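Written below as structure tokens is the structure these notes are about.
Positions are given from 1 along the sequence. Because the structure is predicted, anything quoted here is derived from the model rather than measured.
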Amino acid sequence: MTPELTYLTYAVILLIAHAIVQATFSDLSKGLGWALGPQDEQRDQNQIAGRIQRALKNYLETLPAFIALALMLKVTDLGTATTATGAALWFWARVAYIPAYASGIPMVRSIAWFASLGGLVLMLLPLLGA
């Protein structure tokens, strides 16, 4: 398996873990009784749960691009050490993005986000030159 596909596997695992963390924080902030019930009434969640939910939404916005790039690199056999580095950079920046966003520390979330985009660009470059 190529490094890009290995990180794609990790990305799916991260998606599952992120969804579980988001649901747990959201449900706990709204109350266990609400979480275990029909959830008919709307309840606001606490600040950290909201940040984790927005981080998950952002992950879901960039995941399709990563999937497409990883698969295109495999199909075209254009994967290189640079594209593997890009996949690793994207993945680890996305891992860092979750606690960075949840913590609310200024600029840290943005740095992780820009790093993840840099990883996507590293993966994209060989495809543009093909």
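Taken from CG in N46 to CD1 in I52, the straight-line distance is 8.0 Å, to the nearest 0.5 Å. In this structure, the separation between OG1 on T82 and CG on L89 is 12.0 Å, given to the nearest 0.5 Å. For the atom pair L128 CG and L78 CG, the distance stands at 10.5 Å (nearest 0.5 Å). To the nearest 0.5 Å, atom OG1 of residue T83 and atom CH2 of residue W90 are 14.5 Å apart. Considering CD of E4 and CD1 of I67, their distance stands at 14.5 Å, rounded to 0.5 Å. To the nearest 0.5 angstrom, L15 atom CG is 9.5 Å from I20 atom CD1.
Contact detail for A84 and P3: the closest heavy-atom pair is CB-CB, 3.6 Å. The minimum heavy-atom distance linking G50 with Q45 is given by the pair CA-NE2, 3.5 Å. Residues A93 and A115 come closest through the heavy atom pair CB-CB, 3.9 Å.
Cluster annotation: F114 and M123 are assigned to the same hydrophobic cluster (Ile/Leu/Val/Met/Phe/Trp/Tyr, side-chain heavy-atom contacts under 4.5 Å, transitive). Cluster membership check: L122 does not share its hydrophobic cluster with L5, using side-chain heavy-atom separations under 4.5 Å among Ile, Leu, Val, Met, Phe, Trp and Tyr. V108 and W92 are not part of a single hydrophobic cluster, where members link through side-chain heavy atoms under 4.5 Å apart. Residues L14 and V21 are members of separate hydrophobic clusters, defined by side-chain heavy-atom contacts under 4.5 angstrom among Ile, Leu, Val, Met, Phe, Trp and Tyr.
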- Item | Verdict with reasoning, V121 to L125, per side-chain contact (heavy atoms from CB on, under 4.5 Å) | CA-CA 6 Å; V121 169; L125 289 176; 4.2 Å; yes
- Message: With side-chain contact (heavy atoms from CB on, under 4.5 Å) as the criterion, how do T80 and L73 come out once you've worked through the C-alpha distance, each side chain's angles and the decisive distance to 0.1 Å?
- Response: CA-CA 9 Å; T80 65; L73 288 167; over 6 Å; no
- Message: Walk me through whether F25 and R51 qualify under side-chain contact (heavy atoms from CB on, under 4.5 Å).
- Response: CA-CA 10 Å; F25 272 80; R51 289 177 185 159; over 6 Å; no
- Could you please spell out the steps behind the side-chain contact (heavy atoms from CB on, under 4.5 Å) verdict for L71 and L8? CA-CA 9 Å; L71 293 176; L8 180 53; 4.2 Å; yes
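No more than 12 heavy atoms of other residues, nucleotides or ligands sit less than 6.0 Å from atom CD1 of I48.
Residue pairs meeting the side-chain hydrogen bond (donor to acceptor under 3.5 Å, both in side chains) criterion with at least one member in residues 54-72, sequence neighbours excluded: R54-Y101, K57-E61, N58-R94.
For the pair L56 and I98, the minimum side-chain heavy-atom distance is 4.5 Å or more.
Within the 3.5 Å criterion, the main-chain N or O of Q22 finds no donor-acceptor partner in the side chain of S26.
Not counting sequence neighbours, the partners of F91 by the ring-ring contact (aromatic ring centres under 6.0 Å, His included) test are Y7, Y10.
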